[in-house]
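Convention: sequence-line order gives letters A, B, ...; per-chain numbering from 1.
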Amino acid sequence: MYTRRKLKPDTSINGFIPLIAISSVFLLSLILFGKSVALNIGGTLILTLALFTLIPYSKTKNLGFLISSIYLFVLSLLMYTIPPKAVFASYPGKLPPHVGLLVVLTLGLAVWLINLMVRRKIKWRGREIYELAAEGLEESSNTFTQRPRPIEKLNYTKAELRDFGDFLKKNLISMTVMDDTRLLILPLLNSEEFPLMYQFSFPYENRSWVSFDFEGNITAKISKKDYLYYKDDLPFDQLCDSLGKLYIEFFQLYIDGKGVRIIDKMDDLKISIVS
Amino acid sequence: MDFKKAALLGTYLSKDYAEAFFRLLVNYKSISASEAASRLNLHIRTAQDFLEAMSTLELIKKEEVYERKRPYFRYTLVKNHIELNINLRALSEEQQVGGGKQSLIREQLNSGIQFTTARNGSYFSNLTLLDGEGRDAKIRKISLTEAQGKFLFNLPFPDAKAESIKTIMEKAKINDGMLAEIKDIVKLLIDSQAIEEI
């Protein structure tokens, strides 16, 4: 059955910027300085990227970021050590054993990464969250307001909240921050995570969020930017309510030990692995 | 005495000629504005305004008299004591919004009002609204009490079902003793077209 998506299609190329930048510098170096220098420059850039990829891993503990970082690290080592003559040409000699090992490791890690990507394990799920929040809502007039909306009150412990926040982060369902009064949950659209991952402070006021405070109050806020991602004007009050209740449902599933059902629910939407 | 009448009385009592004027009113059976003005060395208009104000406050009685063709007013003191008694409870907002009825309210669509959330995120600490229109509009920042912040935090969205102040206060867990300050901010926001009253 065809389901009409509520969000506009993803046309952002932000996620590909590092790849495009490194490839461009590598090709330019290849043309200007030859294979040997290009491999060293490419290796250095990829090593830098590998180190940067450890930052999202440290913030989310998502395995995909760690595998990605190791893959990039091994690839950079391969670029430093592979004989330049063996690149883009048939190599008459035998590759040194350590280079052969790096080739095998690189290929193995690439396959692992592709597998994770296809299974949507290294994809931020903001798009799924917003689609689920808008399920069942019909087009209305634009009733946006920048106020947060109180949803309801629940009973939970701080430890449960912390575990739930870690689960959401680890599975890239949403970014979470625990401060001294509440757990703040931020649904992130794919490739929108960069500012949040690499900034020291956490600017959330102009973003969409759902908060679970330590007194049990749940509040939801949708930013204008995210509201405009929807193709149609949706009833804003119901949309905020629905977003808040979606996370309450996730929380209850998680507490009941059915965290996997949350992921199944999002996978069922079959949203593109790169959006 | 209501506040407006008290303010009027206060204004005239504070004039440096007020005591002398009342002395005339006490000592004369009746007096006209021109007689009082000439006796106190005031402009006739000043004397007329004073006497008209006292007449409005029912401290003196005015009577139209005819002398030749031209009618004029003579004023007679009717009270020997002035009591300035203001019931401040009457200024309470409790009975004013919605005329004491259970009026239903919600946020006005495109009100342009900006809310700042308190640090714990469960109420608003202040709001910013535009006073005036176009280029003359001025930004006005209003600090909210905790009760007001909680109330506005729970105010229905523009497309939500409007609710009574009482219902919103119950939702926000605000005790009834805060009703007056809640109504005060609601009245201000209705006047600023940030809240829609149905």
Who in residues 142-153 of chain B is close to chain A, using a strict under-4.5 Å heavy-atom cut-off?
B:Leu152, B:Phe153
Given heavy-atom pairs under 4.5 angstrom as the criterion, report whether the side chain, backbone, both or neither of A:Arg149 touches chain B.
both
Run the salt-bridge test on A:Glu139 and A:Lys231 with the 4.0 Å N-O cut-off and return the result as yes or no.
no
Thinking salt bridges, do A:Glu131 and A:Lys6 make one under a 4.0 Å N-O criterion?
no
Go through the atoms of A:Asp241 and report whether side chain, backbone, both or neither lie under 4.5 Å from a heavy atom of chain B.
neither
Could you label the plane-to-plane angle of the A:Phe236 and B:Phe157 rings as parallel, tilted or perpendicular, counting under 30° as parallel and over 60° as perpendicular?
parallel
Heavy-atom distances under 4.5 Å only: say whether B:Leu155 touches chain A with side chain, backbone, both or neither.
both
Please, which pairs that meet side chain to side chain donor-acceptor pair (under 3.5 Å) have at least one residue in residues 55-68 of chain A, sequence neighbours excluded?
none
Salt bridge flag under 4.0 Å for residues B:Arg74 and B:Glu35:
yes
So, the part of B:Thr117 with a heavy atom under 4.5 Å from chain A: the answer is side chain
Looking at B:Lys166 and B:Glu170, is there a salt bridge between them, counting it only when a charged N and a carboxylate O are closer than 4.0 Å?
yes
So which part of A:Ser211 gets closer than 4.5 Å to some heavy atom of chain B, the side chain, the backbone, both or neither?
neither
Can you tell whether the side chains of A:Lys123 and A:Asp267 come within less than 4.0 Å, N to carboxylate O?
no
Structural part of A:Thr181 lying under 4.5 Å from a heavy atom of chain B
side chain
